[in-house]
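Just so you know, these numbers use all the heavy atoms, side chains as well, and skip hydrogens, waters and symmetry mates. In what follows, chains carry the letters A, B, and so on, assigned in the order in which the sequence lines appear, proteins first and then strands, with residues in each chain numbered from 1. As the structure is a prediction and not an experimental result, all values here were calculated from the model.
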Number of protein chains: 2
Amino acid sequence: MSNECLCKSISPPEMQKIKADSPSEAANIRLAEFFKVFGDSTRLKILYFLSHHELCVADLSTLVGMQQSAVSHQLKTLKLHRLVKYRKEGVTVYYSLDDTHIESIFAIAREHLMEQ
Amino acid sequence: MSNECLCKSISPPEMQKIKADSPSEAANIRLAEFFKVFGDSTRLKILYFLSHHELCVADLSTLVGMQQSAVSHQLKTLKLHRLVKYRKEGVTVYYSLDDTHIESIFAIAREHLMEQ
DNA sequence: CCTATATATGAATATGTGTTCACATAATGA
DNA sequence: TCATTATGTGAACACATATTCATATATAGG
């Protein structure tokens with residue numbers, strides 16, 4: 001006969017407690033969304049270049065080696081997640097980083113990748 | 001007539017220098033892959049639960065509220081990126097965290113999300 | 001050996017997402 | 001006002017990926 005409870009590693013009450021204390025579905029999804037932004041090489045390139053210089057869309061487009069439209073779309077995403085800010089000057093739009101955490105996140109990620 | 005050079009924010013030589021110093025395509029893609037792993041709420045849940053307890057697949061499946069097969073697939077991904085390790089005991093497999101950077105990455109991400 | 005149990009895996013499907021194309025919008029100068 | 005330039009945006013497409021279903025593998029006990 002099969003056991004009524006699937007718990008093997010921990011006791012049912014312990015399991016309930018852990019589940020009860022876990023982050024809300026909403027918080028969890030927000031966190032995933034946040035990481036997802038960094039999970040694209042084009043966006044990482046944009047962030048890298050912006051970490052060196054304030055840049056207009058055309059220059060970013062040249063540096064990243066991708067169409068201006070693609071860069072615009074990605075900048076929209078980065079803007080939405082408050083990772084970049086912009087400044088308009090006539091018809092030109094200058095973008096720059098808008099987050100102090102970005103550098104530390106990168107540092108840790110690089111460290112992790114070094115170890116392998 | 002249109003300018004031969006698109007550079008607006010910085011000078012062409014400066015631009016070339018920045019581009020030359022930028023990370024390799026391969027390194028950039030590796031970094032994106034790394035972040036991508038965290039960009040899924042199911043994987044985040046698994047990591048969260050494992051950060052509290054070593055757990056077998058069945059228990060993880062119950063905690064996460066997803067089919068055993070789905071959890072197995074995600075564990076494979078996490079294993080591949082060296083974020084979890086496992087230990088076999090008979091027919092049961094116990095998973096646990098395999099990375100000290102995970103906690104710090106989470107801390108920074110949460111901090112970032114708090115600010116908004 | 002045969003059965004039962006825990007986990008892994010391949011195929012199929014549905015959904016998400018990045019890029020391109022074409023075009024819209026906005027601002028400048030003639 | 002018209003043309004030009006920089007940027008933004010919607011639709012379409014191609015591709016990636018998460019989940020499910022069915023089934024395979026592996027281990028332990030009878």
Out of D/dG8, D/dA26, D/dA6, whichever nucleotide has its closest atom nearest the side chain of A/Val57: D/dG8
Can a side chain N or O of B/Gln67 be found less than 4.0 Å away from OP1 or OP2 on D/dC21? yes
Distance check needed: D/dT17 P versus B/Phe38 CZ, whole Å only. 16 Å
Strictly below 4.0 Å: does B/Lys36 bring a side-chain N or O up to OP1 or OP2 of D/dT17? yes
Side-chain contact test, heavy atoms from C-beta onward, threshold under 4.5 Å: evaluate it for A/Leu50 versus A/Leu78 and give yes or no. no
Base, sugar-phosphate, or nothing for A/Thr92, non-hydrogen atoms under 4.0 angstrom? sugar-phosphate
NZ/NE/NH1/NH2 to OD/OE distance under 4.0 Å, B/Lys85 and B/Glu54: no
Here's a test of your reading of the structure: between B/Ser72 and A/Gly39, which maps to the more 5' nucleotide of DNA chain C? B/Ser72
Carefully, step by step, assess B/Thr77 and B/Gln74 under the rule side chain to side chain contact (heavy atoms under 4.5 Å, CB included). CA-CA 5 Å; B/Thr77 302; B/Gln74 296 298 12; 4.0 Å; yes
With the threshold set at 4.0 Å, does a side-chain nitrogen-carboxylate oxygen contact exist between A/Glu33 and A/Lys36? yes
Tell me: CG of B/Leu60 to C1' of C/dA8, nearest whole Å? 15 Å
Side chain of A/Lys76: nearest nucleotide among D/dG10, D/dG8, C/dA8? D/dG10
Looking at A/Thr42, I'd like to know whether one of its side-chain N or O atoms comes within less than 4.0 Å of OP1 or OP2 on C/dG18. no
Under 4.0 Å, heavy atoms only, any strand: does A/Tyr94 hit a base, just the sugar-phosphate, or nothing? nothing
If you count heavy atoms of other groups shown closer than 6.0 angstrom to NZ of B/Lys79, is the number above 12? yes
Would A/His73 pass as stacked on D/dT9, i.e. its ring centre under 5.5 Å from the base's six-membered ring centre and planes under 30° apart? yes
Could you state the atom-to-atom distance from CG of B/Asp40 to C1' of C/dG16 in whole Å? 12 Å
Angle between ring planes, B/Phe38 versus B/Phe34, binned at 30° and 60°: parallel, tilted or perpendicular? perpendicular
Whole angstroms only, please: what is the CD1-P distance between A/Ile29 and D/dA18? 14 Å
Mind calculating the distance between CZ (A/Arg87) and C1' (D/dT7) to the nearest angstrom? 15 Å
Under 3.5 Å, is there an N or O donor on one side and an acceptor on the other linking the side chain of B/Gln68 and the base of C/dA6? no
Quiz item: B/Ser69 side-chain donor-acceptor pair to C/dT9 base, under 3.5 Å: yes
Just the rounded figure in Å: distance from P of C/dA6 to CD of B/Glu89. 14 Å
Rounded to the Å, how far apart are A/Met66 CE and D/dT7 P? 17 Å
Rounded distance in Å - CD (A/Glu33) to P (D/dA18): 13 Å
Can you tell me which nucleotide in D/dT5, C/dG18, D/dT19 comes closest to the side chain of A/Val91? D/dT5
Is any side-chain N or O of B/Tyr95 closer than 4.0 Å to OP1 or OP2 of C/dA8? yes
